[in-house]
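Read the numbers this way: they start at 1 and go in the same order the structure lists the ligands and their atoms. We number each residue from 1, following the sequence as shown.
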Amino acid sequence: MRVLVIGSGAREHALVLAASHDPDVTALACAPGNAGTATLAEPLAVDGNDPGAVTALARQWQADLVVIGPEAPLVAGVADAVRAAGITCFGPSAAAARIEGSKSFAKDVMAAAGVATAHSEIVDTPARLDACLSRFGPTWVVKDDGLAAGKGVVVTTSYDQARQHALTLLDGGHPVLLESFLDGPEASLFCLVDGTAVRPLLPAQDFKRVGDGDIGPNTGGMGAYAPLPWAPDDLVDDIVSGVVQPVVDELAKRGTPFSGLLYAGLALTTDGPQVIEFNCRFGDPETQAVLALLHTPLCRLLTATATGTLADEPPLEWAPGSAVTVVIAADGYPGRPRVDDVITGSDAAGVLHAGTRRRDDGAVVSAGGRVLSIVGTGDDLSDAREQAYQRLAKVHLAGGHHRTDIALAAAEGKRAIQTSTQ
Ligand code: AMP
Ligand code: GLY
């Protein structure tokens, strides 16, 4: 099987790495990829958001399976175009990808499916803002009603900060979504979905804030671990039956079945799991931890998902133990990242690349906000943390920063970090 992965982050490096271990995979390419994916997969140039360009590349390279990593190509209809060309594609249609692309669409689907989520209101003009804000609080959740790479959300106890963020979004022409605050530890559950059948992967937890102790602005994710030692045994079954399957059924009923990876981001509240967001693709950085434990050949699973035969697949096989991933971000991230800093030690085991590129002189340099994802595995979370941080200590990026507390509370047997305010 010839497999083409679209994207350029550490999630795509993790997908390429898992695909490289799949005995059915005979050739692997990644477009546009990064300096890390290029060590395992043929690097190909493409604008991943251009449906025609990706389809032409898949044809020309004779791909048997195209795996689309990020949300933007999916929302832009790249999977539809690749499938229309008769090529098997892992990733939902543009119509189904709206579950991530439009938060108001996701709310509508959840309401119809009877799935618990935060109460919300859309504000599209500054004139209505104060009246709407007064119906929320004392913790305000202010979101961009569109794709924002995890950075369009402000959660705050400050009315002024909430108002300012909403005004900035409105000024930029973006409708604003106000939400009630969901209190409780967060969990990410990735599910393979083939239109009807649902196969959950291991549950994971992401660390969104930039700083230790959940301080500072939200990011795309600074680290993650899987599975969740503190979660009740029936957590995954509860989320599948109460959240994921009803949404999958509702999308199918609307004539826009979801085929690909449906990611439920949840707050585990005292009233049960409530949805914070759905994403239409593998999450980053949770994928780096989850796939580190997957034993079942990845591309076999992705093909079964894409061809509607997931129900025929045997149970997934996982390594025992835990995995932890820690992100090294560039100076300035999540604001404007500094680029072109030389990275050393990035070709070691457990080092996945995100914003990296190889210079003409052969040096690997930074080329984005999240630069590397360091993965460790072990018998338990403490061992996995130890390996991840030992590996991280051998990598150098000038001005790079990372969190030192990824999975710490869970490793110490404390229930996970609560959602917090800034
Ligand atoms: P999102 O981009 O919607 O995933 O939001 C990013 C982060 O903001 C989430 O992972 C949560 O930590 C936080 N967040 C978003 N919505 C809520 C909410 N309604 N209640 C509490 N925290 C939230
Ligand atoms: N881990 C957050 C995301 O992928 O959106």
Ion pair check, Asp80 and Arg83, cut-off under 4.0 Å
no
Does the pair Arg357/Asp340 count as a salt bridge with the N-to-O cut at 4.0 Å?
yes
If the cut-off is 4.0 Å to any non-hydrogen atom of [X], which atoms of ligand 2 fall inside it?
X      : answer
Gly283 : 4 (O)
Lys208 : 2 (C)
Asn279 : 5 (O)

Nearest to atom 9 (C) of ligand 1 by heavy atom, His119, Lys143, Glu186: which?
Glu186
For atom 17 (C) of ligand 1, which candidate among Thr219, Val141, Asn279 provides the closest heavy atom?
Val141
Can you pull the salt bridge (charged side-chain N to carboxylate O under 4.0 Å, His left out) pairs that have at least one residue in residues 165-179, sequence neighbours excluded?
Lys107-Glu179, Lys143-Glu179
Arg11, portion touching ligand 2 at heavy-atom distance under 4.0 Å
neither
Which bit of Arg281 gets closer than 4.0 Å to ligand 2, counting heavy atoms only: side chain, backbone, both or neither?
side chain
Just jot down the ligand 1 atoms closer than 4.0 angstrom to any heavy atom of [X], in number order.
X      : result
Val153 : 1 (P), 2 (O), 3 (O), 5 (O), 6 (C), 8 (O), 15 (C)
Ser180 : 18 (C), 19 (N), 20 (N)
Lys208 : 4 (O), 9 (C), 10 (O)
Phe181 : 20 (N), 21 (C)

Checking the N or O distance criterion of under 3.5 Å, is ligand 2 in contact with Asp206?
yes
For the residue pair Val243 and Thr117, establish whether any side-chain heavy-atom pair is separated by less than 4.5 Å.
no
How does Leu182 reach ligand 1, if at all, at less than 4.0 Å between non-hydrogen atoms: by side chain, backbone, both, or neither?
both
For ligand 1, the portion of Asn218 having any non-hydrogen atom under 4.0 Å away
side chain
Give a yes/no on ligand 1: does Arg209 have at least one heavy atom closer than 4.0 angstrom to it?
no
Strictly under 4.0 Å, does any heavy atom of Gly220 approach an atom of ligand 2?
yes
Is the closest heavy atom of Phe282 to ligand 2 under 4.0 Å?
no
Might you confirm whether atom CZ of Arg336 has over 12 heavy atoms from other residues, nucleotides or ligands at distances under 6.0 Å?
no
Counting neighbours of CZ on Arg300 that are heavy atoms of other residues, nucleotides or ligands and sit closer than 6.0 Å, is the number greater than 12?
no
Run the salt bridge (charged side-chain N to carboxylate O under 4.0 Å, His left out) check on Arg403 and Asp214 step by step: do they pass?
CA-CA 9 Å; Arg403 283 184 62 159; Asp214 286 337; 2.9 Å; yes
Under the salt bridge (charged side-chain N to carboxylate O under 4.0 Å, His left out) rule, what do Asp130 and Arg163 come out as? Steps first, then yes or no, please.
CA-CA 8 Å; Asp130 284 303; Arg163 187 170 187 279; 2.9 Å; yes
Plane angle bin for Tyr225 and Phe207 - parallel if under 30°, tilted between 30 and 60°, otherwise perpendicular
tilted
Check whether NZ of the Lys or CZ of the Arg Arg98 lies under 6.0 Å from the centre of the six-membered ring of Phe105 and within 45 degrees of that ring's axis.
yes
With salt bridge (charged side-chain N to carboxylate O under 4.0 Å, His left out) as the test, would you mind laying out the steps for Asp284 and Arg370 before giving the verdict?
CA-CA 10 Å; Asp284 188 340; Arg370 291 190 291 174; 3.8 Å; yes
